[in-house]
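Numbering starts at 1 and runs along the sequence shown. Treat the numbers as computed from the prediction; the structure is a model and nothing was measured.
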Amino acid sequence: MYLPWARILNYLLTMWTKNSKQFFDNVRFGTCVKRVRYDKGSKKIVVNLSNREGKSSSSFDVCSWEAVENIQPYVPSRVDNIPKCQGFWGRVMHSSQMDSNFDLYVRGKNDVIIGASSLAKDLALMAIKLGTRCMDIVSRSRDGNTCKTTSWPMDKVRVHEQMTLVGVADGGRGVVLARTELDPEEVEYVTEEGGILTTLEDVTTVIYYTGYERNFDMLDECLRPKQSHFQPTYSEDKFPEDWRMSKNVLFEQFGEVPPGEI
């Protein structure tokens, strides 16, 4: 069971601002990082930003990457192309595109979630609270968190295990699901030949909860980690020759630590 977002946010805000009311003064909410580059002339890291107020740039001595590696929304092309190419009339979006209009997408409507993670479950519960008519969750396997949920409020959620999106029906107002099976040789789920087809009618929105993939396009080439298997490695010659670590609480114990490979 997951606590409502509002309660979690209230707890965090109270905890963080308890001893410092100015805790968030230097935090830029609702801001997108468009580009990060190293300026050799000023020896600064320049970050280009964008928000509702417009575009801006700021310079820093040090920039810490905290966005992990997988930041590019990922949707399997074979799934994404189906509603786009077969005339689906409604809205198609990735979970990262959820915004303040979510209420309008779900209230009194039938929606479909592709993916069965814990976040998909959270979204379904939020949709129920906002008054969804029905939320269908599609999982190609039986391993997702939503597949392990045996009861939903007001029975407004239907979970379709071992199914995947394969087509559009009802003049673009419905979607078709087919049974999947695990291909042991390719180690991936494929559509079962001659399997069961299920049609979901009067669908308004298809939401992909299909995760993210690695992407460093916002970083200059000299700042990007090498794409070596799953573990990024950093080359010493990518750092400015005169770069030095600023003194910190561990400096006396470890001294100057040069950049090295991970």
Side-chain angles (χ1 to χ4, degrees), residues 2-3 5-75 94-98 115 117-119 122 143 145 187 209-262:
Y2 296 89
L3 289 173
W5 290 350
R7 293 187 181 181
I8 296 175
L9 178 61
N10 181 63
Y11 167 76
L12 293 175
L13 291 176
T14 302
M15 180 181 66
W16 289 333
T17 59
K18 180 179 180 180
N19 298 318
S20 175
K21 299 299 182 182
Q22 295 77 37
F23 187 87
F24 291 106
D25 284 0
N26 294 319
V27 178
R28 304 188 187 186
F29 293 103
T31 301
C32 178
V33 177
K34 307 297 290 185
R35 189 72 179 170
V36 181
R37 61 184 178 84
Y38 178 72
D39 183 73
K40 294 182 179 179
S42 63
K43 297 181 180 179
K44 300 278 188 180
I45 295 176
V46 181
V47 181
N48 296 333
L49 307 170
S50 175
N51 55 32
R52 292 182 179 179
E53 298 176 359
K55 298 179 180 179
S56 62
S57 63
S58 300
S59 299
F60 304 93
D61 294 313
V62 177
C63 179
S64 175
W65 176 276
E66 302 295 341
V68 299
E69 298 177 24
N70 301 322
I71 60 173
Q72 179 72 32
Y74 171 73
V75 180
H94 188 270
S95 58
S96 61
Q97 298 172 294
M98 289 291 101
S117 66
S118 297
L119 290 176
D122 193 29
D143 300 327
N145 192 286
V187 196
Y209 252 99
T210 45
Y212 298 81
E213 60 185 349
R214 176 184 287 188
N215 185 281
F216 294 102
D217 287 351
M218 70 174 67
L219 298 178
D220 263 4
E221 187 67 34
C222 67
L223 299 175
R224 296 179 190 176
K226 292 179 179 178
Q227 306 294 303
S228 174
H229 196 49
F230 296 106
Q231 296 297 327
T233 58
Y234 297 81
S235 176
E236 191 172 346
D237 61 7
K238 295 296 182 181
F239 286 82
E241 293 181 1
D242 59 348
W243 185 87
R244 294 293 182 272
M245 179 190 300
S246 59
K247 291 188 177 182
N248 54 69
V249 294
L250 299 176
F251 191 82
E252 291 185 5
Q253 183 176 357
F254 295 100
E256 181 70 34
V257 179
E261 293 189 355
I262 294 179

Practice item. Run the numbers on I8 and N10 for side chain to side chain contact (heavy atoms under 4.5 Å, CB included), then give the verdict. Key: CA-CA 5 Å; I8 296 175; N10 181 63; over 6 Å; no
Practice item. Show your working on side chain to side chain contact (heavy atoms under 4.5 Å, CB included) between E221 and F216 and close with a plain yes or no. Key: CA-CA 9 Å; E221 187 67 34; F216 294 102; over 6 Å; no
Exercise for review: Test side chain to side chain contact (heavy atoms under 4.5 Å, CB included) on Y38 and K44 and set out the steps.
Suggested key: CA-CA 6 Å; Y38 178 72; K44 300 278 188 180; over 6 Å; no
Review point. So Y74 and R214, side chain to side chain contact (heavy atoms under 4.5 Å, CB included) or not? Walk me through it.
Key: CA-CA 9 Å; Y74 171 73; R214 176 184 287 188; over 6 Å; no
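No side-chain donor-acceptor contact under 3.5 Å links R37 to the backbone of V46. Although no hydrogens or angles enter the test, the distance criterion places a donor-acceptor pair under 3.5 Å between the side chain of H94 and the main chain of G211.
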Result block: side-chain N/O donor-acceptor pairs under 3.5 angstrom for residues 15-23, not counting sequence neighbours:
| from | atom 1 | to | atom 2 | distance (Å) |
| --- | --- | --- | --- | --- |
| T17 | OG1 | L13 | O | 2.5 |

Do any side-chain atoms of residues 24-35 form donor-acceptor pairs under 3.5 angstrom with protein atoms, and if so which ones, sequence neighbours left out?
| from | atom 1 | to | atom 2 | distance (Å) |
| --- | --- | --- | --- | --- |
| R28 | NH1 | S58 | OG | 3.3 |
| R28 | NH2 | S58 | OG | 3.3 |
| T31 | OG1 | F29 | O | 3.2 |
| R35 | NE | D220 | OD1 | 3.3 |
| R35 | NH1 | D217 | O | 2.7 |
| R35 | NH2 | D220 | OD1 | 2.8 |

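Between V36 and L223 the shortest heavy-atom distance is O-CD1, 3.7 Å. Residues Y209 and S117 approach most closely at CD2-OG, 4.0 Å, considering heavy atoms. In terms of heavy-atom proximity, S95 sits nearest to Y212 at OG-OH, 4.2 Å. Residues L219 and R224 share a closest heavy-atom pair of O-NE, 2.6 Å.
The structure places NZ of K55 at 9.0 Å from CG of N48, a figure rounded to the nearest 0.5 Å. The distance from the CD1 atom of I45 to the OG atom of S59 is 10.0 Å, given to the nearest 0.5 Å.
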